[in-house]
2 protein chains.
Amino acid sequence: MVTVATWNINSVRLRLDQVERFLAEQQPDVLCLQEIKVAEHLFPHAAFERMGYVHRAVHGQKGYHGVATVSKLPLTELSRHDWQDNGEARHVGVEVGGAGKGLLIENVYIPAGGDEPDREVNPKFGQKLDFLERMAHWADTVDRPSLIVGDFNVAPLEHDVWSHKALLKVVSHTPVEVEALERFRIAHGWVDLGREYVPADQKSFSWWSYRNKDWKASNRGRRLDHMWASPELAPQARGHRALTECRDWERPSDHIPLVTRFEL
Amino acid sequence: MVTVATWNINSVRLRLDQVERFLAEQQPDVLCLQEIKVAEHLFPHAAFERMGYVHRAVHGQKGYHGVATVSKLPLTELSRHDWQDNGEARHVGVEVGGAGKGLLIENVYIPAGGDEPDREVNPKFGQKLDFLERMAHWADTVDRPSLIVGDFNVAPLEHDVWSHKALLKVVSHTPVEVEALERFRIAHGWVDLGREYVPADQKSFSWWSYRNKDWKASNRGRRLDHMWASPELAPQARGHRALTECRDWERPSDHIPLVTRFEL
DNA sequence: GCATATCCGG
DNA sequence: CCGGATATGC
């Protein structure tokens, strides 16, 4: 059994104790972090080392973005795609297990895309759409069982947001983004593991804004974080959980972790 | 018996619990704070109210400087001298006790004066010297028993700094500042209460830089904070303490509080 | 709201 | 090193 987790941590240095608590409690074999907000040489390697996560692929930068995949199992870093072609650290791809026959794990932080859902007035939105198109193009070439996880910054389904109607024009849930993400999904036939375990007609969220003073009471969440498996891999998933309780920890990330077990 | 304290708190909002702990433990009748770093309307009045310091004279500004005198005993605000004539909040004068026959308490935050001890290249140093000259001029007019306390940003005596020789050209201990402060002292005949209780041949500090990682081990302190009494008042002082232990509290101010008891 | 960045002041 | 300030991103 191999357990894989993903978490947009919103500064790994500021929330090191929370990462440690999560790892101690959940003991995943692999953890994919997004928004580590730190350059590789300042990544808290020692803390992960202590926790047994001695294999790491860290693709960071100063202050913004950045992803890291840490693992108890041997890992080989295979790729750092720059789907925006602007140098931002938003992806790292690894293989866990034997070379050529292990599991590919793609860790991605898709751009948020700014406020205005119009590429003419908001270039960030255009970059997000381009990012998704390039991901779709890449997905076409994926020919091995893979898992792609991370903060996709898109809530594709109606019940992935607290109000479908209210969010149709809000970046993360606009039809143009959802369609671009769906093209990416189709390009490889990715299976949305979250929705394998929570039916599509039930609300399911992974992110709640800091701006709502009582996130639980208002529950204006979105499902922005995802774990998608190749068609061959998806049937091997044995359990998937979204750890909502972490949103209630002291000084939490605005995202919660997702955890999936696989019988490989 | 009336107990008066002074403390450069380096942001009163950030260190409210420390102020509360200090007040609970020491129970001074009057506390003079410097560097409150807050405008008057955002001063944490309620917390002081709860602690019984229901009489307050707050002269604050946004972000920088600012002084406040809080008291359990009735207090009348009498003056806000602007010895720099630039609008900075660096002084508040009050009378504690009956009008015209109470104790005058002057709370002052003398400018730090920048890095270069040369008014030609560093205007802040010139402003500091001018501030001291204007204080001396004012002191000439003081004709009632008074106590002047605060962060003077000058360590006048040889053993007010960790190394007299090393600091002779460092702002806070240069001869020109020490002479200006001495002119101010002479102008009213102020008595340096700190040195009434710790002989001048012993090291005595009230401030240790944040930049020294182990302030206690290196002990590179300076005595920048003072309580000076009018000649008639000084003999009524019954005890004076510098609370060095506060420098070891969590996230401390770089200054420690001074406390004097008076038998009035 | 929260967490960077950079700047200024001490 | 540690506070503020402002700006930007999410």
Side-chain angles (χ1 to χ4, degrees), chain A residues 8-16 18 34-39 42 60-66 88-90 109-116 122-125 127-128 151-155 170-172 207-215 218 220 222 224-225 247 249-255, chain B residues 8-15 18 34-39 42 60-66 88-90 109-116 122-125 127-128 151-155 170-172 207-215 218 220 222 224-225 247 250-255:
Chain A
N8 178 320
I9 195 62
N10 190 13
S11 176
V12 69
R13 283 180 296 182
L14 211 68
R15 270 178 261 285
L16 234 201
Q18 300 189 42
Q34 302 87 41
E35 279 207 86
I36 60 173
K37 292 188 175 178
V38 66
L42 293 173
Q61 65 178 82
K62 183 177 176 179
Y64 297 97
H65 325 308
E88 290 178 358
R90 293 184 173 276
Y109 174 49
I110 296 176
D115 284 333
E116 236 0 270
N122 170 23
K124 286 176 192 294
F125 191 69
Q127 286 184 295
K128 181 179 191 175
D151 177 0
F152 291 8
N153 268 315
V154 180
V170 172
V171 174
S172 71
W207 173 89
W208 292 261
S209 169
Y210 285 125
R211 296 177 211 188
N212 286 318
K213 68 171 180 182
D214 189 337
W215 70 276
S218 58
R220 298 191 166 189
R222 305 180 202 170
L224 302 178
D225 302 274
R247 188 61 177 69
W249 290 358
E250 274 294 295
R251 293 190 11 126
S253 170
D254 43 354
H255 296 255
Chain B
N8 178 320
I9 195 60
N10 189 15
S11 175
V12 69
R13 284 179 296 181
L14 209 69
R15 271 179 259 286
Q18 299 188 42
Q34 301 87 41
E35 278 207 88
I36 58 174
K37 290 189 174 176
V38 67
L42 293 173
Q61 65 178 81
K62 183 178 176 179
Y64 297 97
H65 325 308
E88 290 178 355
R90 294 183 172 275
Y109 175 49
I110 296 177
D115 284 333
E116 246 343 282
N122 170 23
K124 286 176 193 294
F125 191 70
Q127 284 184 297
K128 181 179 191 174
D151 177 1
F152 291 10
N153 268 315
V154 180
V170 172
V171 174
S172 72
W207 173 88
W208 292 261
S209 170
Y210 285 124
R211 297 177 211 190
N212 286 319
K213 66 171 181 181
D214 189 336
W215 70 275
S218 58
R220 298 191 166 189
R222 305 181 202 170
L224 302 178
D225 302 274
R247 188 61 229 277
E250 274 294 294
R251 291 191 10 128
S253 168
D254 42 355
H255 295 254

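Lettering follows sequence order; numbering is per chain, from 1.
- The minimum heavy-atom distance between A:Leu224 and A:Ser172, with the atom names listed, is CD2-CB, 4.0 Å.
- Among the protein residues, A:His255 comes within range of no part of the nucleic acid, since none of its heavy atoms lies under 4.0 Å from any strand.
- Within 4.0 Å of A:Lys124, counting heavy atoms only, lie sugar-phosphate atoms of the nucleic acid but no base atom.
- Counted by atom type alone, A:Lys128 and A:Asn153 present zero donor-acceptor pairs between their side chains at under 3.5 Å.
- Ranking C:dT4, D:dC10, D:dG3 by closeness to the A:Ser11 side chain, first place goes to C:dT4.
- For A:Tyr210, the listed nucleotide lying nearest its side chain is C:dG1; candidates were C:dG9, C:dG1, D:dG9.
- In this entry the distance linking CD of A:Gln61 with C1' of C:dA3 reads 14 Å, nearest Å.
- Distance from the side chain of B:Tyr64 is smallest to C:dC8 among C:dG10, C:dC8, D:dC10.
- Nucleotide C:dG10 holds its C1' atom 8 Å from the CG atom of B:Asn153, rounded to whole Å.
- The CD1 atom of A:Ile36 lies 9.5 Å from the OG atom of A:Ser11; values are rounded to the nearest 0.5 Å.
- When only modelled atom types and interatomic distance are considered, B:Asp151 and B:Gln34 share no side-chain donor-acceptor pair under 3.5 Å.
- Here CZ of A:Arg220 is found 11.5 Å from CH2 of A:Trp207. Values are rounded to the nearest 0.5 Å.
- Both B:Ala112 and A:Lys62 sit near DNA chain C, but only A:Lys62 has its closest nucleotide nearer the 5' end.
- Going from atom CH2 of B:Trp208 over to atom P of D:dC2 covers 16 Å, rounded to whole Å.
- Neither OP1 nor OP2 of D:dC1 sits under 4.0 Å from any side-chain N or O of B:Ser209.
- Between A:Asp254 and A:Ile36, the residue whose closest nucleotide on DNA chain C is further toward the 5' end is A:Asp254.
- Proximity note for B:Arg90 (side chain, C-beta onward) versus C:dA3, D:dC10, C:dG10: the nearest is C:dG10.
- In this structure, A:Asp115 atom CG and D:dG9 atom P are separated by 10 Å, rounded to whole Å.
- There is no side-chain donor-acceptor pair under 3.5 Å between A:Tyr64 and A:Glu88.
- You won't find any donor-acceptor pair under 3.5 Å spanning the side chain of B:Arg251 and the base of D:dG3, going by distance alone.
- A straight line from CZ of B:Arg247 to P of D:dC1 spans 13 Å, rounded to a whole angstrom.
- Taking atom CG of A:Leu224 as the reference point, atom C1' of D:dC10 lies 11 Å away to the nearest angstrom.
- Residue contacts shown for B:Arg15 are limited to sugar-phosphate atoms, with no base heavy atom under 4.0 Å away.
- B:Trp207 places its CH2 atom 14 Å from the P atom of D:dG3, with the value rounded to the nearest Å.
- Counting distance only, with no hydrogens placed and no angle test, the side-chain atoms of A:Arg211 and the base atoms of D:dC10 include a donor-acceptor pair under 3.5 Å.
- Counting to the nearest Å, the P atom of D:dC2 and the NZ atom of B:Lys37 are 13 Å from each other.
- Residue A:Arg13 has no polar side-chain atom (N or O) positioned under 4.0 Å from OP1 or OP2 of C:dT4.
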